[in-house]
Student: 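Pasting a structure here, questions to come.
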Amino acid sequence: MTDDSRVGPPLVGSERETLRAFLDYHRATLAMKCEGLDDYQLRQRSMVPSTLSLLGLVRHMAEVERTWFRRVFEDNDIPLVWSDRIDFQAAYDASASTRAEAFSAWEAEVEHSRRIEREAASLDVTGVQPRWEQEVSLRMVMVHVLLEYGRHNGHADFLREGVDGTVGA
């Protein structure tokens, strides 16, 4: 991996600024864990029979961003990125995927998420989570997605170590 160029969250700031900054920090962490790796390395699995790979995590996080921002606040019926059947596991199978494909989809979903968050009047804005058929607030969504990144960045540490022996940040 290259030098750590992530921008850390503010030590003092509003709730919204802090959540936004932590999300961007964790997004940058996932990208950093994938730096310098080719398609083959990004597709390396943790262990058989798992399909978990760094590229699979990037694909999964594209689904997470879409599911929790676009499907909740804009279009409950928009299909997932990698599955027409709302199969969240499909994203993990990156065996035929490329860095360009996965990162393009993920970065596009991150930009949609940022736009939705920026345009929301407050963290109290609600949308409907289609799987639950219940209202959720932007605050809850941001915290949930932040937790998803935290969990999956832990997996990314393990996967990166398997590729090149680095120790996670």
Side-chain angles (χ1 to χ4, degrees), residues 1-35 52-92 94 99 101-160 168-169:
M1 286 185 295
T2 60
D3 291 329
D4 187 349
S5 62
R6 296 172 295 171
V7 176
L11 299 178
V12 176
S14 72
E15 178 184 18
R16 191 167 188 166
E17 291 169 326
T18 302
L19 287 172
R20 181 185 295 149
F22 264 107
L23 263 174
D24 282 340
Y25 180 81
H26 277 280
R27 289 167 174 148
T29 298
L30 181 58
M32 184 181 76
K33 295 297 176 185
C34 297
E35 281 181 6
L52 187 62
S53 67
L54 284 166
L55 206 53
L57 286 178
V58 171
R59 288 167 47 106
H60 176 70
M61 292 313 296
E63 297 290 28
V64 168
E65 295 274 358
R66 178 175 282 205
T67 297
W68 285 97
F69 285 94
R70 289 176 72 187
R71 286 178 54 88
V72 167
F73 296 106
E74 290 187 337
D75 181 357
N76 285 162
D77 296 321
I78 191 172
L80 296 182
V81 181
W82 313 110
S83 170
D84 294 335
R85 300 183 341 262
I86 314 298
D87 176 5
F88 290 94
Q89 299 304 309
Y92 285 121
R99 168 189 277 279
E101 173 196 41
F103 272 83
S104 177
W106 176 59
E107 290 164 356
E109 292 305 323
V110 166
E111 286 310 310
H112 283 292
S113 299
R114 286 178 175 141
R115 176 187 49 77
I116 290 165
E117 183 273 322
R118 274 192 318 269
E119 292 174 358
S122 78
L123 293 175
D124 295 323
V125 167
T126 62
V128 174
Q129 210 304 336
R131 289 179 75 188
W132 303 340
E133 297 180 357
Q134 293 185 346
E135 283 193 8
V136 294
S137 70
L138 177 59
R139 176 183 292 104
M140 184 274 179
V141 167
M142 291 180 77
V143 169
H144 179 83
V145 174
L146 180 59
L147 292 171
E148 285 275 342
Y149 273 103
R151 181 166 51 104
H152 291 305
N153 282 337
H155 299 320
D157 281 340
F158 172 73
L159 289 163
R160 181 66 193 232

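Everything numeric here is computed off the predicted structure, so don't read it as measured data. Side chains included, hydrogens not; waters and symmetry mates left out as well; all remaining heavy atoms used.
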Student: Going from OG on Ser113 to CZ on Arg20, what distance comes out if it is rounded to the nearest 0.5 angstrom?
Tutor: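 Spacing of OG (Ser113) from CZ (Arg20) equals 12.5 Å.
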Student: Can you tell if the side chain of Leu23 reaches within under 4.5 Å of the side chain of Val145, non-hydrogen atoms only?
Tutor: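 Result yes, sub-4.5 Å side-chain heavy-atom pair found.
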Student: Does the side chain of Leu123 reach to within under 4.5 Å of the side chain of Leu19, using non-hydrogen atoms?
Tutor: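 In short, these two side chains touch, coming nearer than 4.5 Å.
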Student: Quick one: does Glu15's side chain get under 4.5 Å of Arg139's, heavy atoms only?
Tutor: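 Yes; the side chains approach each other to less than 4.5 Å.
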Student: Provide the closest heavy-atom pair for Ala62 versus Trp82 in the form atom of the first, atom of the second, distance.
Tutor: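 Looking at all heavy atoms of both residues, the closest pair is CB-NE1, 4.3 Å.
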Student: Can you find a pair of side-chain heavy atoms, one from Phe73 and one from Glu119, that are under 4.5 Å apart?
Tutor: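 Result no, sub-4.5 Å side-chain heavy-atom pair not found.
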Student: Please report the shortest heavy-atom distance between Leu138 and Ala120, naming the atom on each side.
Tutor: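 Where Leu138 meets Ala120 most closely, the heavy atoms are CD2-CB, 3.5 Å.
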Student: Any non-hydrogen side-chain atom of Phe69 less than 4.5 Å from a side-chain atom of Met142?
Tutor: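 Answer yes - side chains close enough.
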Student: Do Leu80 and Asp87 have side chains that approach each other closer than 4.5 Å (heavy atoms only, starting at C-beta)?
Tutor: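 Sidechains of Asp87 and Leu80: no contact.
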Student: At their closest point, which heavy atom of Arg6 faces which heavy atom of Thr29, and how far apart are they?
Tutor: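 In this case the closest contact between Arg6 and Thr29 is NH1-OG1, 2.7 Å.
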Student: Can you tell me how far CD of Glu74 sits from CZ of Arg66, rounded to the nearest 0.5 angstrom?
Tutor: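 Going from CZ on Arg66 over to CD on Glu74, the span is 10.5 Å.
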Student: Using a 6.0 Å cut-off, check whether atom CZ of Arg115 has over 12 heavy atoms from anything other than its own residue.
Tutor: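 Yes, because the 6.0 Å sphere around CZ of Arg115 holds more than 12 heavy atoms from other groups.
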Student: Indicate the ring-plane relationship of Trp68 and His144, choosing parallel, tilted or perpendicular according to the 30° and 60° boundaries.
Tutor: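 Tilted: the ring planes of Trp68 and His144 meet at 30° to 60°.
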Student: If you apply the rule side-chain contact (heavy atoms from CB on, under 4.5 Å), what do you find for Leu147 with Arg151, and how did you get there?
Tutor: CA-CA 6 Å; Leu147 292 171; Arg151 181 166 51 104; over 6 Å; no
Student: Any heavy-atom pair between the side chains of Pro130 and Val72 that's under 4.5 Å?
Tutor: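 A side-chain contact exists here, since the closest heavy-atom pair is under 4.5 Å.
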Student: To the nearest 0.5 Å, what is the distance between CD (Glu148) and CG (Leu146)?
Tutor: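 CG of Leu146 is found 10.5 Å from CD of Glu148.
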Student: Could you walk me through whether Glu117 and Arg114 pass the salt bridge (Lys or Arg N to Asp or Glu O under 4.0 Å) test, one step at a time?
Tutor: CA-CA 5 Å; Glu117 183 273 322; Arg114 286 178 175 141; over 6 Å; no
Student: Between atom CZ of Arg70 and atom CG of Asn76, what is the distance when rounded to the nearest 0.5 Å?
Tutor: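 Taking CZ in Arg70 and CG in Asn76, the distance rounds to 12.5 Å.
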Student: Using the six-membered ring wherever Trp is involved, compare the ring planes of His26 and Phe22 and label them parallel, tilted or perpendicular (cut-offs 30° and 60°).
Tutor: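 Parallel: the ring planes of His26 and Phe22 meet at under 30°.
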Student: Quick one: closest heavy-atom pair of Ala94 and Ser53, and the distance?
Tutor: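 Minimum heavy-atom contact is CB-OG, 4.0 Å.
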Student: What distance do Thr67 atom OG1 and Ile86 atom CD1 have between them, rounded to the nearest 0.5 Å?
Tutor: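 CD1 of Ile86 is found 7.0 Å from OG1 of Thr67.
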Student: Between Cys34 and Val58, what is the shortest heavy-atom contact and its length?
Tutor: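 Here Cys34 and Val58 meet closest at SG-CG2, 3.9 Å.
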Student: On a heavy-atom basis, which atom in Ala91 and which in Glu63 lie closest, and how many Å separate them?
Tutor: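 For Ala91 and Glu63, the tightest heavy-atom pair comes out as CB-CG, 3.8 Å.
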Student: Are the side chains of Arg27 and Met61 in touch, meaning some heavy atoms are under 4.5 Å apart?
Tutor: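 The answer is no; the side chains never approach within 4.5 Å.
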Student: Could you walk me through whether Tyr149 and Glu65 satisfy the side chain to side chain donor-acceptor pair (under 3.5 Å) test, starting with their C-alpha distance in whole Å, then the side-chain angles of each, then the deciding distance to 0.1 Å, before giving a yes or no?
Tutor: CA-CA 10 Å; Tyr149 273 103; Glu65 295 274 358; 2.6 Å; yes
Student: Nearest 0.5 Å, please: how far is CZ in Arg59 from OH in Tyr92?
Tutor: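 Reported value, rounded in 0.5 Å steps: 11.5 Å.
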